[in-house]
Amino acid sequence: MPELPEVEYVARQLATTLVGRRIVGVEVCWARSVQGMLPEEFAARLASRSVVGIGRRGKYLLIALDGEETLIVHRRMSGNLIFAARIDEDPYVRVALKLDDGRYLLYSDPRKFGRLALAASDAIEQALPGLGPEPLAASFTPDVLAVRLAATRRPLKAALLDQSVIAGLGNIYADEALFRAGIHPLCTGASLSRDELQRLHAGIQGALRTGIEHGGTTFGRHRDVHNETGANLEHVEVYRRTGQPCLRCGTPIARITVLQRGTHYCPHCQPLK
DNA sequence: CTATAAACCTGCTGGC
DNA sequence: TGCCAGCAGGTTTATA
């Protein structure tokens, strides 16, 4: 579920609410939510650690601790990090961190796909699978985008969903970016003109920034650290709008399947060359 | 390299 | 009301 905007929004919340807190207790309720080690070792390595910083890489949330270790969280389809007064406030708790102010930070995840891991703070990139550039970094230019897309013959939608091409885009924001750019999801990356590349670059950044601004997109499970929904569903232009009129031209939004993922676009505004 | 399917899991929605 | 099929923001692994 969470894509870059949903992770970034939560990261910004945690930067002001979690940094400085110490972990005084760890309860693992679903062992497989912890990656790479047994729950006992995970709990032992987190015990008495203080949070010194919050970061994000693609869809990975990074919680830096003293002792040079970082807690890496990937929420996958249905995971959320939520502050609570008690563990049983949420029915889907997989891991609970008790904090030194008496509250809990709960990792809640109905579908159990998400993972928590620990890695040396100076080796985060090596601990993650190979990720492409950060699309909101200043160094992510239309030229960089062109180079990333030139290396593949796959449909653009498939390339945008590939985290090793660009980090952080998922099904919602890939569709939104392509709509903003006026490019059909089945176009080939290598076939894009200079103008189309610039539009796609602007579309990617614009869609992501809009998502962050509205607290992320919630149509199902995404919640922020206060268990609040994100408002960006009111601002998406094509995602899950199948059959509804295009906000630009009125043509009904079409839905196709790419990589077994629902893909939404306007047949008029996003022509297939 | 590309494409496709399956696996990991549970909950919700829509149709009959 | 009840049941079943299908769908869901992601990623990894196996197979053609």
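Scope of the values below: all heavy atoms of this structure, side chains included, with no hydrogens, waters or symmetry mates. Numbers restart at 1 for each chain; the letters A, B, ... are given by sequence-line order, proteins then strands.
The residue among A:Trp30 and A:Arg153 whose nearest nucleotide of DNA chain B is located toward the 5' end is A:Arg153. DNA chain C is contacted by both A:Pro129 and A:Arg111; A:Arg111 maps to the nucleotide lying nearer its 5′ end (nearest heavy atom per residue).
Remark: the A:Tyr173 side chain and the A:Glu6 side chain contain an N/O donor-acceptor pair separated by less than 3.5 Å. Under 3.5 Å, the side chains of A:Arg180 and A:Thr210 contain a donor-acceptor pair of N or O atoms. One side chain, A:His222 or A:Arg75, offers a donor N or O that lies under 3.5 Å from an acceptor on the other.
Taking every side-chain heavy atom of A:Asn171 into account, C:dG10 is the closest of C:dG10, B:dA3, B:dC12. Taking the side chain of A:Pro110 as heavy atoms from C-beta on, and the options C:dT12, B:dA3, B:dG11, the nearest nucleotide is B:dG11. Looking at the side chain of A:Gln260, the nearest of the listed nucleotides B:dC9, B:dA6, C:dT11 is B:dA6. Out of B:dA3, C:dG10, B:dT10, the shortest distance to the side chain of A:Arg154 is found at B:dA3.
Residue contacts for A:Pro91: at a heavy-atom cut-off of 4.0 Å it reaches no nucleic acid atom on any strand shown. Using a 4.0 Å heavy-atom criterion, one finds that A:Gly170 contacts the sugar-phosphate atoms exclusively. Residue contacts shown for A:Thr218 include a base, since a base heavy atom lies under 4.0 Å away. Residue A:Arg94 is out of contact with every strand shown, counting any heavy-atom pair closer than 4.0 Å.
In summary, A:Glu69 and A:Arg49 do not engage in a salt bridge, as defined by a charged side-chain N under 4.0 Å from a carboxylate O. Taking the charged nitrogens against the carboxylate oxygens, A:Arg12 and A:Glu8 do have a contact shorter than 4.0 Å, which makes a salt bridge.
Using a 4.0 Å cut-off, some side-chain N or O of A:Thr152 falls inside it from OP1 or OP2 of B:dT2. Proximity of A:Tyr92 to the phosphate of B:dC9: no side-chain N or O atom is located under 4.0 Å from OP1 or OP2. Applying the 4.0 Å criterion to OP1 and OP2 of C:dT11, one finds that A:His74 has a side-chain N or O inside that range.
Comparing C:dC4 with B:dC9, their P atoms are spaced 23 Å from each other, to the whole Å. Separation of the P atoms belonging to B:dA6 and C:dC7 is 13 Å when rounded to the nearest angstrom.
Ring-base stacking between A:Phe113 and C:dT11 is not satisfied when judged by a centre separation under 5.5 Å and a plane angle under 30°. Per the stacking criterion (ring centres < 5.5 Å, plane angle < 30°), A:Phe219 does not stack onto the base of C:dA8.
Rounded to an integer number of Å, the gap from CG of A:Leu169 to C1' of C:dG10 is 13 Å. Going from atom OH of A:Tyr239 over to atom C1' of C:dA8 covers 7 Å, rounded to whole Å. Taking atom CG of residue A:Leu128 and atom C1' of nucleotide C:dT11, one finds them 13 Å apart after rounding to whole Å. Atom CG in A:Asp109 sits about 10 Å away from atom C1' in B:dT10, given to the nearest Å. A:Arg115 places its CZ atom 13 Å from the P atom of C:dT11, with the value rounded to the nearest Å. As a whole-Å value, the separation of A:Asp162 CG from C:dT12 P is 10 Å. Atom C1' of nucleotide B:dT4 and atom CZ of A:Arg261 are separated by 14 Å, given to the nearest angstrom. The distance between atom NZ of A:Lys112 and atom P of B:dC8, rounded to the nearest whole Å, is 13 Å.
Remark: B:dC9 base-pairs with no nucleotide; criterion is Watson-Crick or G-U wobble with both hydrogen-bond distances under 3.5 Å.
Sorted by first and then second residue, the pairs that involve residues 127-143 of chain A and meet side-chain hydrogen bond (donor to acceptor under 3.5 Å, both in side chains), not counting sequence neighbours, are A:Arg56-A:Glu134, A:Arg57-A:Glu134, A:Asp143-A:Arg194.
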